[in-house]
Amino acid sequence: MTKITIKHLRYFDALARARHFGRAAEASSISQPALSLQVKELEDILGAPLVERGARQISLTVLGEEFALRARDVLRAVDELGALARASTGPLSGRLRLGVIPTVAPYLLPRLMRELTARFPDLDLRPREAVTPKLLRDLGEGRLDLALLALPVSEPSLVEHPLLDEEFLLVRAEAAATHPVPSLEELRTMPLLLLEEGHCFRDQAIAVCKLSPGLTGEIMEGSSLGTLVQMVGAGIGVTLIPEMAATVEGRSAPVALHRLHEPRPSRTIGMVWRRSNPLSDRFTDLAQGLRDTFAA
């Protein structure tokens, strides 16, 4: 009798997340017919349907929803068994899935990858960029091993390790370079450009400027820090960016960058992982090493 395999579970998990055979097949790096065949085989083994197939997308049956949750638990346990084996043998090696927030990825990730590649030549680093809520969800579900994001996240099941602190910088049009730097009170009266909802840096900027949630609907938004800086360079308002973005974004448009008045707003960037991960001790050593490197 055919038995359920890890392959069945991984393909069904991909389908349960995507709710679309084509996107699930693409995420799994196989053809759509092959994925469909695996899911159908799984249903035959169970003797009950997991999926309601529609013309454009699929939905899960009641059994399918419950099976998806249990499958994720199994897949997470399997991945942690692999991590346990790696933890018992030498330096970090094999696949390491690293999530990074968009306001860090373009500026810190290249340096981070060089550091990790130099220290751990057998490491297969798999970086992925996403906003904080998605990274935390993927961490909890075992789809990521580590995440690089702004602290704190205040989740008891996760370990947080700070790597660096950085200030927020004010970005104004180049024509305003010699004007006095506004106070935070004055900044609240200016046309402020912020990232779209979902970005933690947006929430931090709103907190820094002590903006009322009711007023944020009138704030102009952009999809990336680069977009915001370009808009400022075109004379549309002002914005805040993290210090690590200054070198790249300050050269991309005719803008002037300024440090704000004391107490200067800042954020802490850190590494986060599941407390239950067998590599937790290794990750602590890794994070401490990176913190020392960034402080040098």
Side-chain angles (χ1 to χ4, degrees), residues 1-83 95-102 105 126-149 153-158 195-200 202-203 217 221 223-224 272-277:
M1 178 180 176
T2 306
K3 297 181 179 179
I4 297 175
T5 66
I6 296 298
K7 182 189 296 185
H8 286 128
L9 298 184
R10 291 204 185 279
Y11 290 155
F12 178 69
D13 178 55
L15 181 62
R17 293 177 186 278
R19 305 294 168 117
H20 187 277
F21 276 98
R23 290 193 292 271
E26 183 178 358
S28 303
S29 301
I30 63 169
S31 69
Q32 183 172 331
L35 184 135
S36 181
L37 183 62
Q38 289 290 324
V39 173
K40 183 63 172 65
E41 186 174 280
L42 177 60
E43 290 178 316
D44 290 343
I45 294 170
L46 295 171
L50 298 170
V51 179
E52 294 180 16
R53 294 160 173 80
R56 294 184 177 274
Q57 63 181 30
I58 64 98
S59 59
L60 301 186
T61 63
V62 174
L63 174 62
E65 294 284 3
E66 180 64 25
F67 192 88
L69 294 176
R70 301 294 181 91
R72 280 170 201 158
D73 289 340
V74 172
L75 292 172
R76 182 166 57 247
V78 168
D79 287 341
E80 289 184 350
L81 284 173
R95 183 186 66 178
L96 186 69
R97 301 163 299 176
L98 172 67
V100 190
I101 55 175
R126 307 278 184 90
R128 184 192 315 163
E129 182 179 316
V131 294
T132 298
K134 177 165 176 51
L135 293 184
L136 294 178
R137 184 169 62 250
D138 286 350
L139 264 179
E141 294 178 356
R143 295 173 64 82
L144 286 175
D145 302 303
L146 293 167
L148 197 61
L149 39 71
V153 296
S154 302
E155 170 53 58
S157 65
L158 300 177
L195 291 171
E196 298 168 333
E197 289 191 18
H199 293 269
C200 60
R202 169 196 173 93
D203 299 331
E221 298 179 339
S223 58
S224 68
V272 179
W273 60 90
R274 291 187 308 281
R275 198 173 295 277
S276 62
N277 194 309

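Index from 1, following the sequence. Computed from a predicted structure; not experimentally measured.
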**Q** Say whether, by atom type as modelled, one donor and one acceptor occur between the side chain of S28 and the main chain of Y11 under 3.5 angstrom.
**A** no

**Q** For residues 57-68, pull every pair meeting salt bridge (Lys or Arg N to Asp or Glu O under 4.0 Å), keeping only residues two or more places apart or in separate chains.
**A** R19-E65, E66-R70

**Q** Measure the spacing between CG of L135 and CG of L146 and express it to the nearest 0.5 Å.
**A** 11.5 Å

**Q** Any chance CD of E26 has more than 12 other-residue heavy atoms, nucleotides or ligands included, within less than 6.0 Å?
**A** no

**Q** Could you walk me through whether K134 and E129 pass the salt bridge (Lys or Arg N to Asp or Glu O under 4.0 Å) test, one step at a time?
**A** CA-CA 10 Å; K134 177 165 176 51; E129 182 179 316; over 6 Å; no

**Q** Quick one: does C200's side chain get under 4.5 Å of I101's, heavy atoms only?
**A** yes

**Q** Counting only N and O atoms by type, is there a donor-acceptor contact under 3.5 Å from the side chain of H199 to the main-chain atoms of R202?
**A** no

**Q** Once ring pair (Phe, Tyr, Trp, His ring centres under 6.0 Å) is applied, what residue pairs with a partner in residues 45-79 remain, sequence neighbours excluded?
**A** F12-F67

**Q** Roughly how far apart are W273 CH2 and D145 CG, rounded to 0.5 Å?
**A** 12.0 Å

**Q** Return the CG to CZ distance between L35 and R23, rounded to the nearest 0.5 Å.
**A** 12.5 Å

**Q** Can a donor-acceptor pair be found, under 3.5 Å and without considering hydrogens, that links the side chain of R126 to the backbone of L96?
**A** no

**Q** Quick one: CG on L37 to OG on S31, what's the gap to the nearest 0.5 Å?
**A** 9.0 Å

**Q** Counting N and O atoms only, with roles assigned by atom type, does the side chain of R72 sit under 3.5 Å from a partner on the main chain of D13, one being a donor and the other an acceptor?
**A** no

**Q** Just wondering, do V51 and T61 contact through their side chains at under 4.5 Å, heavy atoms?
**A** no

**Q** If you measure from CD on E52 to OG on S59, what distance do you get to the nearest 0.5 Å?
**A** 4.0 Å

**Q** Enter the distance from L42:CG to K40:NZ here, rounded to the nearest 0.5 Å.
**A** 10.5 Å

**Q** For residues L60 and A68, report the shortest heavy-atom separation together with the two atoms involved.
**A** CD1-CB, 4.2 Å

**Q** Which residue pairs pass the ring pair (Phe, Tyr, Trp, His ring centres under 6.0 Å) test when at least one of the two sits in residues 24-58, sequence neighbours left out?
**A** none

**Q** Are any side-chain N or O atoms of E43 and backbone N or O atoms of L50, one a donor and one an acceptor, separated by less than 3.5 Å?
**A** yes

**Q** Between R274 and L139, is there a donor-acceptor pair closer than 3.5 Å when you use the side chain of the first and the backbone of the second?
**A** yes

**Q** Pick out which of L98, L144, V100 makes a side-chain contact (heavy atoms from CB on, under 4.5 Å) with R128.
**A** L144

**Q** Any salt bridge between E141 and R97, counting N to O under 4.0 Å?
**A** no

**Q** Under a 4.5 Å cut-off applied to non-hydrogen side-chain atoms, are R53 and V39 in contact?
**A** yes

**Q** Hey, is the main chain of G140 close enough, under 3.5 Å, to the side chain of R76 for a donor-acceptor pair?
**A** yes

